[in-house]
Number of protein chains: 2
Amino acid sequence: MTTHGEGSLKKVFRDNQLKATPQRLDVLKLLMTCSEHLDAEEIYQRLLKKKKNVSRATIYRTLEVLVEHDFVRKLDFGDGRMRYEQNQNPEEHHDHMVCQVCGKVIEFYNPKIEDLQELVAQNHNFVMLSHTMHIYGLCSECAEGHNGNE
Amino acid sequence: MTTHGEGSLKKVFRDNQLKATPQRLDVLKLLMTCSEHLDAEEIYQRLLKKKKNVSRATIYRTLEVLVEHDFVRKLDFGDGRMRYEQNQNPEEHHDHMVCQVCGKVIEFYNPKIEDLQELVAQNHNFVMLSHTMHIYGLCSECAEGHNGNE
DNA sequence: TTTTAATTGAGACGCATTATCATTTGGAAG
DNA sequence: CTTCCAAATGATAATGCGTCTCAATTAAAA
């Protein structure tokens, strides 16, 4: 259902007056088949490992394009570099919990919070275009370690 | 009530085994009497204008110290530089709406959202240490402009 | 005062990202 | 299948925020 062939990936770009170059297809395909939250350098290294012909500059430019067109979400977890994740259903917004010990990222969705955010914005006559919520702390595994149960 | 004299500002540092230098006092005093969300460069420029003797490096170091001790909150609105705000009552957490046109920052507090955040964390056995919520979009004034009421 | 560890200033440095520009290429038109 | 050109790429220089280094200064304890 959400599985697309090479052809449909090309369509993604062509439908937006963008050339469907091999480099763009490689970046998009990688993000579409990856559940992690990669940064630009990680994307670059993974494509290199797959013998793909691509440069860092193109990675950044492609990511910019993908974000502009809502195919990819750009995330800032406050560690000095941006991360990217696929954004298949822009309707189905989710937020993130980031473990400050192991770096693990847990996604969650809470409709009540979503509704309250919209409400808060309305109360201030603010037109909400996007929003982010990050919870920082210790994931269950790392919290155990800190309790001395190692 | 929340107005402190020079003496009490010095106490803030001395109570934490930190020297109460003029530079530190200047930075802290500026943040304590400023409702805006300044970045390091803006703080530096404002102190220069007041003929204060301070360097950029010291601004950054002082901010780091103030954040560590919870006197100041470090905020990331995703535009590539950090902003700082006073943090008088760490209990009373608030979040931010950022206008992407004029850059205005509106603070808001919603206890229900706070509770739900804590709940979500607990459901994942996640120990929440801090959290941020940012709503991006258009403030009421800038939204009017976009409706053609200019 | 003397003393010393903490702090400062100036600038070098690091790192993620963006800009530049000559070269290449996707894909539309013929 | 060629021609053609705007769009895209690669290599690398440049940018900008923030951190680090280290010699000189200073807060504040003795």
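Within every chain, numbering begins at 1; the chains are lettered A, B, ... in the order of the sequence lines, protein sequences first and strands thereafter. No experiment lies behind these values; they were computed from the predicted model shown.
- Following rounding to the nearest Å, N53(A) (CG) and dT9(D) (P) show an atom-to-atom distance of 11 Å.
- Between the CG atom of L38(B) and the P atom of dG18(D) there is a distance of 13 Å, given to the nearest Å.
- A distance of 6.0 Å or more separates the ring centres of H131(B) and Y136(A).
- Closest approach to the A20(B) side chain among dC17(D), dT8(C), dA28(D) is made by dA28(D) (side chain taken as heavy atoms from C-beta onward).
- One atom, CD of Q23(B), and another, C1' of dT25(D), lie 10 Å apart when rounded to the nearest Å.
- Distance CZ (R81(A)) to P (dT18(C)): 15 Å, rounded to an integer number of Å.
- For D79(B) and dT17(C), the CG to P distance is 14 Å, given to the nearest whole Å.
- The base of dG10(D) lies close enough to the side chain of R61(A) for a donor and an acceptor atom to sit less than 3.5 Å apart.
- Counted by atom type alone, Q117(B) and H93(B) present zero donor-acceptor pairs between their side chains at under 3.5 Å.
- Mapping E41(B) and K19(B) onto DNA chain D via the closest heavy atom, the residue that lands nearer the 5' end is E41(B).
- Neither OP1 nor OP2 of dA6(D) sits under 4.0 Å from any side-chain N or O of Q17(A).
- Taking only side-chain nitrogens and oxygens, T58(B) comes nearer than 4.0 Å to OP1 or OP2 of dG9(C).
- Of the candidates dA27(D), dG26(C), dC20(D), the closest approach to any side-chain atom of P22(B) belongs to dA27(D).
- Among dT8(C), dG9(C), dT9(D), the nucleotide with an atom closest to any side-chain atom of V54(B) is dG9(C).
- Distance CG (L18(A)) to C1' (dA7(D)): 10 Å, rounded to an integer number of Å.
- Counting only heavy atoms from C-beta on, T21(A) has its side chain closest to dA8(D) among dA8(D), dT7(C), dT17(C).
- As rounded to whole Å, 14 Å separates atom C1' of dT18(C) from atom CZ of R56(A).
- A donor-acceptor contact closer than 3.5 angstrom links the side chains of H94(B) and E85(B).
- Nearest nucleotide to the side chain of A57(A), out of dA16(C), dT12(D), dC17(D): dT12(D).
- For Y60(B), the side-chain atoms get nearest to dT19(D) when compared with the rest of dT19(D), dT17(C), dG26(C).
- Only one option out of H124(B), Q122(B), E118(B) pairs with V120(B) in a side chain to side chain contact (heavy atoms under 4.5 Å, CB included); it is H124(B).
- The side chain to side chain contact (heavy atoms under 4.5 Å, CB included) with H69(B) is formed by just one residue from the set V67(B), V72(B), V65(B); it is V65(B).
- Residue N16(B) contributes atom CG, which lies 16 Å from atom C1' of dA27(D) at whole-angstrom precision.
- Considering only side-chain N and O atoms, R14(B) lies under 4.0 angstrom from the phosphate OP1 or OP2 of dA28(D).
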